[in-house]
Each structure stands twice: as C-alpha cells, then as structure tokens.
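Quick notes on the structure that follows.
Chain A is the first sequence line, chain B the second, and so forth, proteins listed ahead of strands; every chain is numbered from 1.
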Amino acid sequence: MLEIKFVRQNLAAVEAALSRRGQSTGLAAFKDLDARHRSTLQEIEALRHRRNVVSDDIARLRKAGTPAEPLMEEMRAVSARIKELEKAQSDTQEALSAMLMAIPNLPHPSVPEGKDSSDNPVVKTHGTPPRFDFEPKAHWDIGAALQILDFERATRITGARFPLYFGAGAQLERALINFMLDVHTREHGYQEVLPPFVVNRASMTATGQLPKFEQDLFKLEQWDYFLIPTAEVPVTNIHRAEILDESRLPLRYTAYTPCFRSEAGSYGKDTRGLIRQHQFNKVELVNFCTPETSYAQLETLLSNAESILAKLDLPYRVVLLCTGDMGFAAAKTYDIEVWMPAQGVYREISSCSNFEEFQARRAEIRFRRKGKKGTELVHTLNGSGLAVGRTLAAILENGQRADGSVEIPEALRAYMGGLKEINP
RNA sequence: GGAGAGAUGGCCGAGUAGGUCGAAGGCGCUCGCCUGCUAAGCGAGUAUACUCCGAAAGGGGUAUCCCGGGUUCGAAUCCCGGUCUCUCCGCCA
C-alpha cells in the first residue's frame, strides 16, 4: 500500500508510474474522496472536542450541585450529529482504503519499462547448457521411466496438477529441501523457521495477496483461513504490528513450506510436469531491513538464491523484470531462470523482490532508530531459494544420460546417502 | 465439544458506586549529575496513528486501555456480539 499523503501530494506521478506498469489507475475519484474525508474528519473532531470540553463542565457543575440540564440537552444534539457524520465518514473511509489497497507498488527507477516478459532484460548468464548426443527428454518422461514421478495416480488421489513422487524422486525432493536450508542457514546466515501453512485474512492482506487476488488462493471452508501460496506470507507476518529495534536489522529468515496456488486462469499452460502445480515445495528467503540498505540486500538475496543453482551445477540466467511483468507488491524484481534442455528454454525458478515499504505499511512493521524519536517502516524483501519441484525437474533434464539414468549433482550426494545416479 | 478465568503502554502491573485516566507504580531505555572503575545513588524524559496551523522549530485537536456495536451529556470502567489466551473435562497425532 502506498502512503495516502504521498498519493495526495503526487497524484500525477503515481498515475504516471502506474501507467508504466500498464495499469489504468482508476484514481479519478481519489482527490474528491480524500478531500471529503478530511473535511468531514475535521468537522467530527471539532464536535468531539466540544463534547469533551462540555462533558468536563457538566462533571464540575454536578459536583458543585448546580443543575446541568441545558448543557446535557445541547450535548444530546451534538452527539447525534457526530454519529451521523461518523456513519458517512465510514463509507468514504472504506471507499478510500479500497482504492488505496488496489494500487500496486511503484516501480523503482532502475526498473525498465516494458509490457510483458519479452521485455525483461537478461542481466546475467551462468554456466553453459549441456550438450546431448541424443534427443533430451522432458522431465515428466524421465520421471515416469524411472518410476519416481506419477502424475496419473496423483489425479486419482486429488485431481490435476498435484505431484506424486516415489523412491529416489521423493528422496531427491527431500534432499533438495535440506540442502537449500543448510546452505542458507550455515553459509548465508539466515535463521530457519517453520511457520503455519494456513493463515488468516489479515496476514494475506498484509503481504498483498488480498483483497485483490483471492481467486488465486485456496480457501478453507467454514474458516476465514487460506492455504499459503508462498512462505512469504506467514514469515513476513511474523513481525506484523511490531516496532523492531534497529539493531536487529537486517532480520533474515529462511523457511521451507509447501505452497498452494489455485492457478486460476492458467489452464492450458504448462499442463505437463512439475512446472505448474497446485501444490509445490519451496524454500523461501525473507528479509526485513532499513530503507537505505534494501537495494544492497536485494543483491545479496539474489546471490544467495543463485548460489544454490551454482552449487548444483545447473545453468541459469538472471532477468530483471520490466514494469509490465512485475508483481503487485514489488518495487523491483529479479527472476532467476534455470535451463530446461527438453524445451530449450530458461524457466523461472526463483523470484527475488524488494517491496520497499509496501508490505510493511499494510503489515505495520516498523523500526526505531537509536537516538531518534518516532518510527519508520522497514523494507521487506523476499525470494525463492529455490522452488524445489522445478529444481528437481531441472536436475532430471540437465543430468539425463542416453541410457535413461540421471546423474545426481555432487553437492546433493551426501543428502542422498551417497547415491550418484538414479537408474531405471 | 463442555465448564470456568482473563485480555491495560517496550515489559510487568494498578485502576469498576461511569467524569479531573493516555491512564498510578515498578522494570527497561535515553539524557544529565554524582561517584569512580565495570555497581549503586540523584534528577529529567520516554506510546502510536490521523488531522489542522507553521518555511521550519514547534504548537493545537481527535482517536486508541483486544475488536465491533450499544447505553449515557460523558465509558478502560456498564450491556451485547466476536476474536484470542489460560485452566479443568472430553476427544485426538
């Protein structure tokens, strides 16, 4: 959420920035609504002041034994008027906040203008795609042949787009989770957390999934609770409504969770394999820091996520998302894309974003500087480190051999009981 | 699922025959003094948000004692609803 004062004072700039995102702003009514809200507020507050003063007078009169009926009579009218104004005020307030909640974050100046993913510049390429002297297979075919992935049976258990792993596949997924958590905690200094996988509406609102994107979420029947689409939600909300001490920043967490996404509107896309599932595993990195350090932290976060791919010897590249491709809450986002040989493309495997104050304002996560009065909002960042299912898919495709076996990256072998390859 | 208790400032914790309570006291923290060696003592200060005035420094106002309603001239204090926490019973990995 943007600050209402900022929107008020920079309405034209906000609209311009939003049009860079390819959004129609719908801010036409803002100015009027905001003005009405503030003038009514002043009126209400003046009346309340009058009431407070007179109430004290009444108390004094009564103590002195003087009748106060006339004043009480007057205050009856004042209170009725206040109630009337408050009712009107709550309507404008609601409209105003709905409007604010619907405004996406402003892109950072370093974010290139563009309309979709084809406009994202590649900022880095790492490793070389492997060369095969045979036609590389897609990971779903490899997985099926090795009997470690079984999407057909998964549909029996649940429905389309749920994964089912067996044997070395299940073990590999688990190995990846442990490997990623170990690297981030031991080498990068993150604190591991294991949060709830189900969260309430306030948490979803704080990180920006609600109110706009409810259709993308799985909602529990009978409860106003949701399955998390990413660990970002529960982990960012750890500190909701807190005022942190500056000395604790940056606060960095890593968390493994399953993620649940309804993938509304994605029918027909990536219908096969592990790329787009309703449930998948992810290790997430979350960072709370001071405003002046957040862009340096973003670079660190990105390199922390990249290091996993580097250690696994998977070729990847980093792209900078353009204005039209960024998520709702982000000010700047890098995507890491891993090489998928069967399709011959780089596929997103991590998304690392700086949200600046956007989430912190909704979540009321502030900090106090040493020796300074007042509070400031923290900046929040997060990134996948990494999406586990997609990493497994990349390992299968990049490590495949002509005989149908798959080589396990060296860094993972210790997590696989020394296993070097998965054989049919 | 059944029965009961409770939710006050960074923390602990007073405060109910409704008014002078944004809220005692303690702890913590900040600044100063004293003292001098890693202690104690003394003094002062120490919530958040919104809004108005002001170039600023700063000042005024409103709201907030879990949340939402209600009663009342006036509510931290009374009434209703909700949420959460704790205890006991039941059930359960």
Side-chain angles (χ1 to χ4, degrees), chain A residues 1-9 30-101 194-206 210 220 222-226 234 237-249 251 258 288 357-378:
Chain A
M1 186 161 67
L2 301 179
E3 186 181 21
I4 188 162
K5 275 185 228 166
F6 179 84
V7 177
R8 181 184 305 147
Q9 284 156 18
F30 176 85
K31 206 173 164 181
D32 180 56
L33 216 49
D34 178 55
R36 185 159 14 122
H37 166 251
R38 281 187 295 156
S39 73
T40 310
L41 184 63
Q42 283 178 55
E43 195 178 343
I44 290 174
E45 289 188 349
L47 288 170
R48 287 207 278 231
H49 180 225
R50 169 91 183 127
R51 182 174 67 184
N52 287 343
V53 168
V54 174
S55 290
D56 284 352
D57 291 344
I58 292 173
R60 266 189 291 275
L61 288 176
R62 293 187 48 139
K63 203 162 187 182
T66 318
E69 248 322 306
L71 285 178
M72 287 164 69
E73 188 55 47
E74 182 199 342
M75 286 308 103
R76 257 188 281 277
V78 168
S79 280
R81 177 64 180 150
I82 289 172
K83 199 163 277 187
E84 225 171 90
L85 288 170
E86 279 174 343
K87 174 119 179 48
Q89 184 70 336
S90 84
D91 292 346
T92 44
Q93 178 86 60
E94 205 167 301
L96 208 49
S97 96
M99 199 172 276
L100 276 176
M101 291 293 244
L194 185 58
F197 303 158
V198 176
V199 300
N200 60 31
R201 184 171 289 273
S203 291
M204 284 292 189
T205 305
L210 292 178
L220 267 54
Q222 328 227 347
W223 295 72
D224 202 21
Y225 291 171
F226 302 84
N237 277 283
I238 289 172
H239 295 295
R240 192 169 77 226
E242 285 187 24
I243 299 173
L244 302 166
D245 201 88
E246 184 185 11
S247 63
R248 292 181 69 190
L249 304 177
L251 247 149
F288 304 80
E357 301 178 345
F358 191 87
Q359 294 180 328
R361 177 166 295 110
R362 292 180 174 221
E364 299 176 89
I365 307 170
R366 292 160 291 176
F367 75 103
R368 213 188 297 276
R369 288 191 197 270
K370 191 172 167 56
K372 272 192 133 185
K373 272 191 76 97
T375 60
E376 290 176 53
L377 294 167
V378 301

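- With both ends at atom P, the span from G19(B) to G32(B) equals 42 Å, rounded to whole Å.
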Checklist outcome for this item: Expected string for nucleotides 49-56 of chain B under the B/S/- scheme (protein heavy atoms, under 4.0 Å, primed atoms plus P, OP1, OP2 as sugar-phosphate) is SSSS----

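- When every heavy atom of Glu242(A) is checked against every heavy atom of Ile238(A), the shortest pair comes out as OE2-O, 3.4 Å.
- Under the Watson-Crick or G-U wobble criterion, with both distances below 3.5 Å, C11(B) is paired with G26(B).
- In this structure, of U71(B), U20(B), U62(B), it is U20(B) that holds the atom nearest to the side chain of Lys63(A).
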Taking N or O atoms only and anything under 3.5 Å, show me the protein contacts with nucleotides 80-86 of chain B, one pair per line.
none

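- Under the Watson-Crick or G-U wobble criterion, with both distances below 3.5 Å, U20(B) has no partner in any strand shown.
- Base pairing of A76(B): no nucleotide in any strand meets the Watson-Crick or G-U wobble criterion (both distances under 3.5 Å).
- The pair Asp34(A)-Arg38(A) counts as a salt bridge, with a side-chain nitrogen and a carboxylate oxygen less than 4.0 angstrom apart.
- Listed by residue number, the members of residues 73-81 of chain A with any heavy atom below 4.0 angstrom from RNA chain B are Met75(A), Arg76(A), Ser79(A).
- The minimum heavy-atom distance between Arg362(A) and Leu210(A), with the atom names listed, is NH1-O, 3.1 Å.
- Nucleotide A93(B) forms no Watson-Crick or G-U wobble pair with any nucleotide shown, as no partner meets the under 3.5 Å limit on both distances.
- What separates CE of Met72(A) from C1' of U71(B) is a distance of 13 Å, to the nearest Å.
- At the heavy-atom level, Arg60(A) lies nowhere under 4.0 Å from the strands shown.
- Atom-to-atom distance recorded for Phe226(A):CZ and Leu220(A):CG is 9.0 Å, nearest 0.5 angstrom.
- Nucleotide A5(B): paired with U85(B) (Watson-Crick or G-U wobble, both distances less than 3.5 Å).
- On the C1' atoms, C12(B) is 40 Å away from C53(B), given to the nearest whole Å.
- Toward the 5' end of RNA chain B, the nearer of the two residues Asp56(A) and Ala46(A), judged by each one's closest nucleotide, is Asp56(A).
- With respect to Arg81(A) and Glu84(A), a salt bridge is recorded, a charged nitrogen being found less than 4.0 Å from a carboxylate O.
- Every residue meeting the salt bridge (Lys or Arg N to Asp or Glu O under 4.0 Å) condition with Arg76(A), not counting sequence neighbours, appears here in chain and number order: Glu69(A), Glu73(A).
- With hydrogens and angles left out, the side-chain atoms of Ser203(A) and Asn200(A) include a donor and acceptor closer than 3.5 Å.
- Across all strands shown, C53(B) is found opposite G58(B) as a Watson-Crick or G-U wobble partner, with both distances under 3.5 Å.
- How far CD1 of Ile365(A) is from NE2 of His239(A): 7.5 Å, rounded to the nearest 0.5 Å.
- When each of Val54(A) and Ile243(A) is assigned the nucleotide of RNA chain B bearing its nearest heavy atom, the one mapping closer to the 5' terminus is Ile243(A).
- Residues satisfying the side-chain contact (heavy atoms from CB on, under 4.5 Å) test with Gln42(A), not counting sequence neighbours, are none.
- In the region residues 85-98 of chain A, proximity to RNA chain B at under 4.0 angstrom, judged on heavy atoms, holds for none of the residues.
- Remark: the separation of the P atoms in G6(B) and C66(B) is 14 Å, to the nearest Å.
- Rounded to a whole angstrom, the distance from the P atom of G1(B) to that of G82(B) is 13 Å.
- Using a 4.0 Å heavy-atom cutoff across all strands shown, Arg368(A) reaches sugar-phosphate atoms only and no base atom.
- For the pair Asn52(A) and G74(B), the criterion of a side-chain N or O lying under 4.0 Å from OP1 or OP2 is not met.
- The nucleotide U64(B) finds its pairing partner in A47(B), both defining distances of the Watson-Crick or G-U wobble pair being shorter than 3.5 Å.
- The base-pairing partner of C42(B), taking Watson-Crick or G-U wobble contacts with both distances under 3.5 Å, is G32(B).
- Set against G19(B), U48(B), U71(B), the side chain of Ala59(A) has G19(B) as its closest nucleotide.
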